[in-house]
Amino acid sequence: MRAQSSAIAPSRIAVGAAGTDPGGRSFGTVQAALGVVAFSLTFPATAWGLEGFGPWSLIAVRSILAAAVAGACLLILRVAPPERRHWFGLAVVGAGVVLGFPLLTTLALQTSTTAHAAVVVGLLPLTTALLSALRIGTRPSRTFWIAALAGAAAVIAFTVQQSGGALTSADAYLFAALLVCAAGYTEGGRLARVMPGWQVIGWALVLCLPVTVPMAAVALSYEPVQLTAHSVTGLLWVAIGSQFLGLVVWYRGMAAIGIPKASQLQLAQPLLTLVWSVLLLGEHLTVAAPLTAAAVLVCIAVTQRARG
């Protein structure tokens, strides 16, 4: 089964990446966009989860729940383990998007607002594109980089203005989270060219179980747990929505349209996060929101059309 999947996937990806299959690239864009929507709910859901869980407990339990779902899918479908040469990349995915980014941002959200934390997400597309260029040799065009930098600048200006322009002690966590997540996205997008995206995150989650299970046992013994509607909903979303399903469609989208272009769709994520923050957390937006949204949409449109 593995050999058959590996034989089919690269040919499909190659067609989409070459631009000879517009329908496949459009579907890839839709999948990447769905991933962005799922990720945009992560910070508000984490804020809900922290109402009833400690930061270490929340991270460990969410990873275990996501691994249980992913592991069940792998077992039911009888998916063979990846080849040995792919395990290093899966370990990078696990360290970056399963453990590193969730843990660092959760620690940051203890003292930072979701608006301030969204600055990281605004920088993530550019960082992912840079790491992609270094790791797998992608060379986006000058137009792509100009639009990407303009979009990142617009998002950063908006989110910093929303947080009052003040830096917090959580910034070290946020910038570290930015780097490890970009590395995980880059490796995940590369692996999704040779195996289905859901298997990439599925195996990464399973690979982290020797870390997350002991971590959960220790954290739950020290951090008090209060099960409420908010805390349980937040936990379930970050575990199933963000940690598994969101990454499944995200990696599939990256494999279809390319890591740099897919990463630029995340320019819209901070704005979506702020919208969810208003609806779910009661935060307030200024009149700058629609103006920034329009600027970001223009930048996304340019990057999607730019030729690498």
Side-chain angles (χ1 to χ4, degrees), residues 1-17 21 24-25 27-39 42 62-102 128 131-132 135-136 180-213 237-259 262-263 265:
M1 178 180 296
R2 180 181 62 192
Q4 183 179 11
S5 299
S6 297
I8 294 175
S11 62
R12 183 184 303 135
I13 300 307
V15 171
D21 183 9
R25 294 187 65 185
F27 186 53
T29 301
V30 170
Q31 291 182 97
L34 288 175
V36 171
V37 173
F39 300 153
T42 300
R62 70 178 273 185
S63 298
I64 292 172
L65 290 178
V69 175
C73 293
L74 293 169
L75 286 174
I76 292 172
L77 297 177
R78 298 182 179 180
V79 178
E83 299 176 14
R84 180 176 296 180
R85 62 192 177 95
H86 297 317
W87 282 107
F88 174 77
L90 290 171
V92 174
V93 174
V97 303
V98 175
L99 295 175
F101 186 78
T128 302
L131 289 184
S132 173
R135 178 68 176 90
I136 59 180
V180 298
C181 188
Y185 279 174
T186 299
E187 285 300 311
R190 184 183 65 82
L191 288 172
R193 292 176 176 268
V194 296
M195 68 178 73
W198 75 271
Q199 291 183 24
V200 173
I201 185 58
W203 286 116
L205 285 163
V206 171
L207 188 64
C208 289
L209 282 175
V211 175
T212 55
V213 171
W237 179 258
V238 294
I240 310 302
S242 301
Q243 193 85 75
F244 183 61
L245 296 178
L247 285 169
V248 167
V249 293
W250 175 244
Y251 282 141
R252 286 175 61 91
M254 281 200 297
I257 66 177
I259 296 174
S263 69
L265 293 174

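The figures that follow rest on heavy atoms only: side chains count, while hydrogens, waters and symmetry mates do not.
For Leu34, the side chain to side chain contact (heavy atoms under 4.5 Å, CB included) partners at least two apart in sequence or on another chain are Val30, Val249. Judged as a ring-ring contact (aromatic ring centres under 6.0 Å, His included), and not counting sequence neighbours, Tyr251 has no contacts. With sequence neighbours left out, Cys181 forms a side chain to side chain contact (heavy atoms under 4.5 Å, CB included) with Val97, Phe101, Leu124, Tyr185. For Val211, the side chain to side chain contact (heavy atoms under 4.5 Å, CB included) test picks out Leu99, with sequence neighbours left out. For Glu187, the side-chain hydrogen bond (donor to acceptor under 3.5 Å, both in side chains) test picks out Arg135, Arg190, with sequence neighbours left out. Not counting sequence neighbours, the partners of Trp237 by the side-chain hydrogen bond (donor to acceptor under 3.5 Å, both in side chains) test are Ser242.
Nearest heavy atoms, Gly35 versus Trp250: CA-CB, 4.4 Å. Nearest heavy-atom pair across Trp87 and Pro82 is NE1-O, 3.3 Å. Contact record, Ala38 with Gly241: CB-O, 4.0 Å, taken as the closest heavy-atom pair. Contact record, Ala66 with Phe244: CB-CB, 4.4 Å, taken as the closest heavy-atom pair. Annotation for Ala204 and Val93: closest pair CB-CG1, 3.7 Å, computed over non-hydrogen atoms. A pairwise comparison of heavy atoms in Gly197 and Ala192 identifies CA-CB, 4.4 Å as the closest pair.
In this structure, CZ on Arg193 lies 10.0 Å from CE on Met254, to the nearest 0.5 angstrom. Distance check, rounded to the nearest 0.5 Å: NE2 of His86 to CH2 of Trp203 gives 12.5 Å. Distance check, rounded to the nearest 0.5 Å: CG of Leu131 to OG1 of Thr186 gives 5.0 Å. The CG atom of Leu245 sits 12.0 Å away from the CH2 atom of Trp198 when rounded to the nearest 0.5 Å.
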| task | May I have the step-by-step check of side chain to side chain contact (heavy atoms under 4.5 Å, CB included) for Gln243 and Val98, ending in yes or no? | result | CA-CA 7 Å; Gln243 193 85 75; Val98 175; 4.1 Å; yes

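Side-chain contact between Val238 and Pro102: absent, with no pair of heavy atoms (C-beta onward) separated by less than 4.5 Å.
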